[in-house]
> 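Mind looking over this structure? Questions follow.
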There are 2 protein chains.
Amino acid sequence: MTQPLDPAMFHECRDGVMPLQIGDKWTARIIRCLEDGPRRFSELRIPLRGITPKVLTESLRAMERDGFVRHTAYAEMPRRAEYELTALGRTLLEPMEACCEWSRRHLPAFLDARESWSGS
Amino acid sequence: MTQPLDPAMFHECRDGVMPLQIGDKWTARIIRCLEDGPRRFSELRIPLRGITPKVLTESLRAMERDGFVRHTAYAEMPRRAEYELTALGRTLLEPMEACCEWSRRHLPAFLDARESWSGS
DNA sequence: CAGAATCCACCGCGATACTG
DNA sequence: CAGTATCGCGGTGGATTCTG
C-alpha cells in the first residue's frame, strides 16, 4: 500500500525522480473508480475484480492517510459507507493521464520489444 | 523488476489505468541517470547509492528486454560496458516528468496529510 | 571492472473465515 | 453491508562472496 515515504525518494524528487506514491497494484485503479463521484465499498469491489475486502480496506485507509480519499461512514442498518476523491486526490488524475497517454502511444513498441526478446 | 505484464493491466489501459512498467524501486532512477547520455556500469552505481551489482544487473536486463535500454559490452581488459536509453526509453521521460511536476506542486499537501493523520 | 552465484528478510497481496 | 482476523505464499531487493 505504498507505506513509508522513502526519505531518499523525498530529496530525490527535487532531482527529478518521481515519488508518486500510487505505484502499487490497486491505488490507481481505485482512483479511476472514484473519478466520477463517490462510491460505496461494495460498489468498488465490482470493477476491481478479485480484490479482497481486506486489501480494499487497507488501500482505502492508506489513501485516506495520504489525503487522497475522504471516508464517510453512516451509522445505519445495514451499514453504509462512501468514499470519494479529495481535491488532492483529483490532482493525481493528471500524471495518471500522462501515463495512459504513454501506453496508448508506445505499448505496441513495448510489447514488440518483449516479444523479440524471447527469441534472443 | 516489473516482470510479467499483467494481462488485466493490459486491457485496462484502454480504460485509463496506467500499465507503465517502471513502478519498481530503481527503473525510474536509472532512466534519470541515463538521460544525458551513455553511462558505464560503475558510473551508474554512484548516483544510485546503495544499489547492489546484482540488482543493477537485473534491472538493466529487464529494461533491455523491454526495449528501454541498449547494452554494449566491449571485450577489453579491464572490461567495459555501456548502457544508453533507446528512443523508446526516452519516451518514458514524458510521463515521468508529469509525475515530477505533480510532486513539485502537491508533495507539501501530501506530507501535511500524512502528518495530521498520525494525530488522528 | 563488470558482473554471476547464493542466501535470506521483508511485505504486498491473496484465501478464507468470522462479526456487528 | 462493511468490514476485521489469521494465515501463508511469492517475489523484490539486500548482503555477501567469488570470477574472468
Side-chain angles (χ1 to χ4, degrees), chain A residues 1-9 12 17 19-30 33-34 38-66 69-84, chain B residues 1-9 12 17 19-30 33-34 38-66 69-84:
Chain A
M1 270 29 43
T2 317
Q3 291 274 19
L5 181 58
D6 183 348
M9 263 307 199
E12 272 173 357
V17 172
L20 227 194
Q21 296 304 97
I22 59 168
D24 68 327
K25 180 168 181 180
W26 294 106
T27 303
R29 291 166 155 103
I30 293 174
C33 294
L34 294 174
R39 292 285 182 268
R40 304 181 53 167
F41 191 83
S42 50
E43 280 181 306
L44 288 173
R45 296 190 63 184
I46 300 171
L48 303 171
R49 291 180 170 277
I51 195 172
T52 302
K54 175 205 167 197
V55 174
L56 180 54
T57 303
E58 285 172 355
S59 304
L60 288 168
R61 290 286 176 279
M63 296 170 76
E64 220 188 325
R65 173 202 62 189
D66 291 347
V69 158
R70 183 170 18 258
H71 172 51
T72 317
Y74 300 91
E76 310 171 348
M77 276 305 277
R79 287 161 70 185
R80 186 161 59 97
E82 275 192 355
Y83 295 90
E84 58 180 334
Chain B
M1 263 38 42
T2 316
Q3 292 274 20
L5 181 58
D6 183 348
M9 264 304 199
E12 273 174 353
V17 171
L20 228 194
Q21 296 303 95
I22 59 169
D24 68 327
K25 182 169 180 181
W26 294 105
T27 303
R29 291 165 155 103
I30 294 174
C33 294
L34 294 175
R39 293 284 181 268
R40 305 182 49 170
F41 192 83
S42 50
E43 280 181 307
L44 288 172
R45 295 190 62 183
I46 301 171
L48 303 171
R49 292 181 170 279
I51 195 173
T52 302
K54 174 207 167 196
V55 175
L56 180 54
T57 303
E58 286 173 355
S59 303
L60 287 169
R61 290 286 176 279
M63 296 170 76
E64 219 188 326
R65 174 203 62 192
D66 292 347
V69 158
R70 182 169 22 256
H71 171 51
T72 317
Y74 301 90
E76 309 172 350
M77 277 303 278
R79 287 160 71 182
R80 186 161 58 99
E82 275 193 355
Y83 295 91
E84 59 180 334

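Chain letters run A, B, ... following the sequence lines, proteins first, then strands; residues in each count from 1.
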> Return the CE to CH2 distance between B:Met63 and B:Trp26, rounded to the nearest 0.5 Å.
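Rounded to the nearest 0.5 Å, the CE-CH2 separation comes to 13.0 Å.
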
> Roughly how far, to the nearest 0.5 Å, is the CD1 atom of A:Ile51 from the CG atom of A:Leu44?
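Result: 8.5 Å between the selected atoms.
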
> Between P on D:dC1 and CZ on A:Arg80, what's the gap in Å once rounded to a whole number?
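Between P of D:dC1 and CZ of A:Arg80: 13 Å.
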
> A:Lys25 has a side chain; which of C:dG14, C:dG3, D:dC1 sits nearest to it?
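That would be C:dG14.
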
> Can you check the B:Glu82 CD to C:dG3 C1' distance for me, whole Å?
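Those two atoms, CD and C1', are 16 Å apart.
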
> Roughly, in whole Å, what's the span from CG in B:Leu56 to P in D:dT16?
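Rounded to whole Å, this separation is 18 Å.
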
> A:Arg80 side chain to A:Glu76 main-chain N or O, any donor-acceptor pair under 3.5 Å?
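Such a contact is absent between A:Arg80 side chain and A:Glu76 backbone.
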
> So, does B:Lys54 get its side chain near the phosphate of D:dT12, meaning an N or O under 4.0 Å from OP1 or OP2?
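For D:dT12, OP1/OP2 do not have a side-chain N/O of B:Lys54 under 4.0 Å.
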
> Nearest to the side chain of A:Arg40, heavy atoms from C-beta on, is which of C:dT6, D:dA2, C:dG3?
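From the listed options, D:dA2 comes nearest.
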
> Given atom CZ of B:Arg61 and atom C1' of C:dA2, what is their separation to the nearest angstrom?
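Distance check: B:Arg61 CZ to C:dA2 C1' gives 9 Å.
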
> Quick one: on DNA chain D, does A:Phe41 or B:Pro53 contact a more 5' nucleotide (nearest heavy atom)?
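Going by which nucleotide is closer to the 5' end, it is A:Phe41.
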
> A:His71 has an atom NE2; how far is it from atom P of D:dC1, in whole Å?
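In whole Å, D:dC1 P and A:His71 NE2 are 16 Å from each other.
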
> A:Tyr74 side chain N/O closer than 4.0 Å to the phosphate oxygens (OP1, OP2) of D:dG3?
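The answer is no; no side-chain N or O of A:Tyr74 sits under 4.0 Å from OP1 or OP2.
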
> Taking 4.0 angstrom as the limit, do B:Arg45 and B:Glu43 come out as a salt bridge?
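A salt bridge is absent here (no side-chain N lies under 4.0 Å from a carboxylate O).
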
> Once you round it to whole Å, what is the distance between P of D:dG10 and CG of A:Asp24?
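These atoms are roughly 21 Å apart.
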
> Report yes if a side-chain nitrogen or oxygen of B:Thr57 is closer than 4.0 Å to either non-bridging phosphate oxygen (OP1 or OP2) of C:dG3; otherwise report no.
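No.
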
> Verify the contact: side-chain N or O of B:Arg45 to OP1 or OP2 of C:dA2, cut-off strictly under 4.0 Å; return yes or no.
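Answer no for this pair, as no side-chain N or O of B:Arg45 is under 4.0 Å from OP1 or OP2.
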
> Reading DNA chain C from 5' onward, which residue's closest nucleotide shows up sooner: A:Arg79 or A:Ile51?
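The 5'-side residue here is A:Ile51.
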
> Between B:Arg49 (CZ) and D:dG14 (C1'), how many Å, whole number?
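After rounding, the reported distance stands at 17 Å.
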
> Rounded to whole angstrom units, what separation is found between the CE atom of B:Met77 and the C1' atom of C:dG3?
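In whole Å, C:dG3 C1' lies 12 Å from B:Met77 CE.
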
> Quick one: do A:Glu84 and A:Arg70 make a salt bridge, cutoff under 4.0 Å?
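Salt bridge between A:Glu84 and A:Arg70, a charged N being under 4.0 Å from a carboxylate O: yes.
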
> Ignoring the backbone of A:Trp26, work out which of D:dG3, C:dC13, C:dC1 is nearest its side chain.
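So the side chain of A:Trp26 is nearest to C:dC13.
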
